[in-house]
Amino acid sequence: PPRSTLDRSAAASDVYKRLVQVEPAEDATIDPQDAAATKVQSIIRGKQARGKATAAPEADARGAESPPDGREEVGGEAGAKYFIVGSVASATGIYGMSLVYLWSGDLDFDALAASWAAMDGLDPFAVVGVGLMLVAFGFKVSAAPFHLATPDAYAGASSPVAGVLATASKAMGFVALFRVLIEITMPEEGEALWFVLLAIIAVVTMTWGNLAAVTSENPKRMLAYSSVAHAGYMLAAIAAVGSGLGASSTTELVLVAIVF
């Protein structure tokens, strides 16, 4: 054939080889259908590789956003439990305050102490009202059996929040207990009305908190039960004050020790 025809055929063969990206062997001929299939397979593999490269950062981002071990779910459940139980306890305490107000007509501490000292016998409004207020304070200091939401709240909270719950929250609860039990209902002589009840709660709280802490594997739950047991120790000291066996100087010393 003429030389121009051979040159055109060679140029077309070179263009075809570049399109299909297949280097033929020296003594082999290329089937156009096989070359096209090879080209399609390479395109598919390239798309799959790009898809994997795109999916990997997205998976890493999702893993970074979601907390490990379902911590977010645990924290939400613990917060919901603590909120519900705390709301019920607060409502109970407020209802008790309303009964005390119906009995005395005043919520000033000095007026309540004077009304309690002048009371002949036991007025149902006063006794039931103070008892309901003790329920709210018992939840605040995590005294048994009002402590059931405390371990879950500690386990679901962060370490700083768990530390605040174990210290500041309980301190405010004991301050409220002092104001109600010591300033208002404590008689000048003899044991207080709440002495036996508070002593039983203290014993149950100490026992329950220590036994539960021994069997706990989560450090935060162990901290929660340890705080329950320590609340029992302080309740036992308040019960000792309510027994009326100590002098006024001894009572002051015990109260200072509890606050410390």
Side-chain angles (χ1 to χ4, degrees), residues 85-147 150 165-206 227-260:
V85 178
S87 300
V88 173
S90 299
T92 304
I94 293 173
Y95 184 67
M97 293 178 187
S98 65
L99 294 179
V100 172
Y101 182 78
L102 289 176
W103 161 70
S104 176
D106 197 346
L107 290 180
D108 183 72
F109 282 100
D110 295 333
L112 290 176
S115 299
W116 191 278
M119 182 174 55
D120 295 331
L122 297 177
D123 191 286
F125 284 98
V127 175
V128 175
V130 171
L132 294 179
M133 291 171 64
L134 290 181
V135 171
F137 299 150
F139 167 79
K140 200 66 177 176
V141 302
S142 298
F146 313 110
H147 73 288
T150 302
L165 291 175
T167 54
S169 177
K170 287 182 173 50
M172 297 301 103
F174 276 104
V175 169
L177 277 175
F178 291 162
R179 299 297 299 272
V180 174
L181 297 182
I182 304 300
E183 291 188 18
I184 297 176
T185 64
M186 186 67 189
E188 295 182 359
E189 295 181 355
E191 67 181 33
L193 173 67
W194 41 264
F195 161 65
V196 177
L197 177 62
L198 196 66
I200 294 174
I201 292 177
V203 171
V204 174
T205 302
M206 289 185 292
S227 67
V228 171
H230 283 77
Y233 302 149
M234 290 186 280
L235 290 175
I238 298 176
V241 172
S243 65
L245 299 177
S248 59
S249 59
T250 306
T251 300
E252 293 178 0
L253 180 62
V254 171
L255 295 178
V256 170
I258 295 174
V259 174
F260 179 78

Per-pair distances, 0.1 Å, donor-acceptor, side chain in residues 171-182, under 3.5 Å, sequence neighbours excluded:
{"from": "Arg179", "atom 1": "NE", "to": "Glu183", "atom 2": "OE1", "distance (Å)": "3.1"}
{"from": "Arg179", "atom 1": "NE", "to": "Glu183", "atom 2": "OE2", "distance (Å)": "2.8"}

Task: Qualifying residues under side chain to side chain contact (heavy atoms under 4.5 Å, CB included), relative to Ala91, sequence neighbours excluded - done: none
Report, one line per pair, each donor and acceptor closer than 3.5 Å where one atom sits in a side chain of residues 253-260; sequence neighbours left out.
none

- [ ] Would you check, one step at a time, whether the test side chain to side chain contact (heavy atoms under 4.5 Å, CB included) holds for Trp194 with Ile201?
- [x] CA-CA 11 Å; Trp194 41 264; Ile201 292 177; over 6 Å; no
TODO: Ignoring hydrogens and angles, tell me if any N or O in the side chain of Ser243 forms a donor-acceptor pair with the backbone of Ala240 under 3.5 Å.
DONE: yes
Check: residues 97-104 side-chain donor-acceptor pairs under 3.5 Å, at least two apart:
{"from": "Ser98", "atom 1": "OG", "to": "Tyr95", "atom 2": "O", "distance (Å)": "2.4"}
{"from": "Ser104", "atom 1": "OG", "to": "Ser115", "atom 2": "OG", "distance (Å)": "3.4"}

Open item on the list: If I compare all heavy atoms of Leu112 with all of Ile184, which pair ends up nearest, and what's the gap?
Closed with: CD1-CD1, 3.8 Å
TODO: Would you mind reporting whether Met186 and Phe195 have side-chain heavy atoms less than 4.5 Å apart?
DONE: no
Name every donor-acceptor pair, under 3.5 Å, that has one atom in a side chain of residues 119-129 and the other anywhere in the protein, sequence neighbours excluded.
{"from": "Asp123", "atom 1": "OD1", "to": "Phe125", "atom 2": "N", "distance (Å)": "2.9"}

Which side-chain N or O atoms in residues 130-145 pair as donor and acceptor under 3.5 Å with protein atoms at least two apart or in another chain?
{"from": "Ser142", "atom 1": "OG", "to": "Thr150", "atom 2": "OG1", "distance (Å)": "3.1"}
{"from": "Ser142", "atom 1": "OG", "to": "Lys170", "atom 2": "NZ", "distance (Å)": "3.1"}

Open item on the list: So, applying side-chain contact (heavy atoms from CB on, under 4.5 Å) with Leu235, which one of Ile200, Leu198, Val204 is it?
Closed with: Leu198
- [ ] Determine the minimum heavy-atom distance between Gly232 and Ala202, stating which atoms define it.
- [x] O-CB, 3.6 Å
Open item on the list: For a 4.5 angstrom cut-off between non-hydrogen side-chain atoms, does Val228 reach Thr205?
Closed with: yes
